[in-house]
Amino acid sequence: MDESYLEKRRFKRLKFKENGLVQLDKDTLKVKLLDISARGALITFVNRVSFRNNEKFNLSFSPVNSSILLTYVCEIVHCCNKLAGVKFSPILE
């Protein structure tokens, strides 16, 4: 991935290395969160994946030493090999 993308980020990101799961339709995929911001996250998949931009899925993870499970509805902004940038989508009732 071109490193210039990292320079174009609009929001401050915090390093946040946690294991997580992506739920897409009936599939569950293992991921690792690399960092997180107020509006999105950078994740890496265990296996190579192919997503389309704007594709939505649920992302779940538990912070270290916590029993809380955080779940977000996410939308793909960019995806290359195992790395994906996602933005958090609003949950509509």
Discussion item. Using side-chain heavy atoms (C-beta onward) and a distance below 4.5 Å, is Val64 in contact with Glu18?
Written reply: yes
Worksheet item: Nearest heavy-atom pair of Leu69 and Ser60: which atoms, and what distance?
Response: CD1-CB, 4.0 Å
Worksheet item: Do the side chain of Lys32 and the main chain of Val46 share a donor and acceptor less than 3.5 angstrom apart?
Response: no
Practice prompt. Specify the closest pair of heavy atoms between Asn53 and His78, including all atoms of both residues, with the distance to one decimal.
Written response: OD1-CA, 3.8 Å
Worksheet item: Rounded to the nearest 0.5 Å, how far does CG of Asn58 lie from OG1 of Thr71?
Response: 6.5 Å
Worksheet item: Under the side chain to side chain contact (heavy atoms under 4.5 Å, CB included) test, which residues partner Ser50, sequence neighbours left out?
Response: none
Worksheet item: Tell me, do Ile36 and Phe61 make a side-chain contact under 4.5 Å, heavy atoms counted?
Response: yes
Worksheet item: Could you give the distance from CG (Leu21) to OG (Ser62), rounded to the nearest 0.5 Å?
Response: 9.0 Å
Worksheet, complete the sentence: Residue set satisfying ring pair (Phe, Tyr, Trp, His ring centres under 6.0 Å) with Phe57, at least two apart, ordered chain then number -> Phe51
Item to complete: Apply the side-chain contact (heavy atoms from CB on, under 4.5 Å) test between Thr44 and each candidate in Leu34, Val31, Leu33, Val49; give the one that qualifies.
Response: Leu34
Item to complete: Using a 4.5 Å cut-off on heavy atoms from C-beta on, say whether the side chain of Asn47 contacts that of Leu29.
Response: no
Worksheet item: With distance as the sole test, does Thr28 use its side chain to make a donor-acceptor pair with the main-chain N or O of Gln23 at under 3.5 Å?
Response: no
Worksheet item: Considering only heavy atoms from C-beta outward, does the side chain of Arg39 approach that of Lys87 to under 4.5 Å?
Response: no
Discussion item. Looking at every non-hydrogen atom in both residues, tell me the closest pair between Val22 and Leu59 and how far apart they are.
Written reply: CG2-CD1, 4.0 Å
Item to complete: Working to the nearest 0.5 Å, report the span between SG of Cys80 and CZ of Arg48.
Response: 7.5 Å
Worksheet item: About how many Å separate NZ of Lys17 and CG of Asp35, when rounded to the nearest 0.5 Å?
Response: 9.0 Å
Worksheet item: If you take all heavy atoms of Cys74 and Phe88, which pair is closest and at what distance?
Response: SG-CD2, 3.7 Å
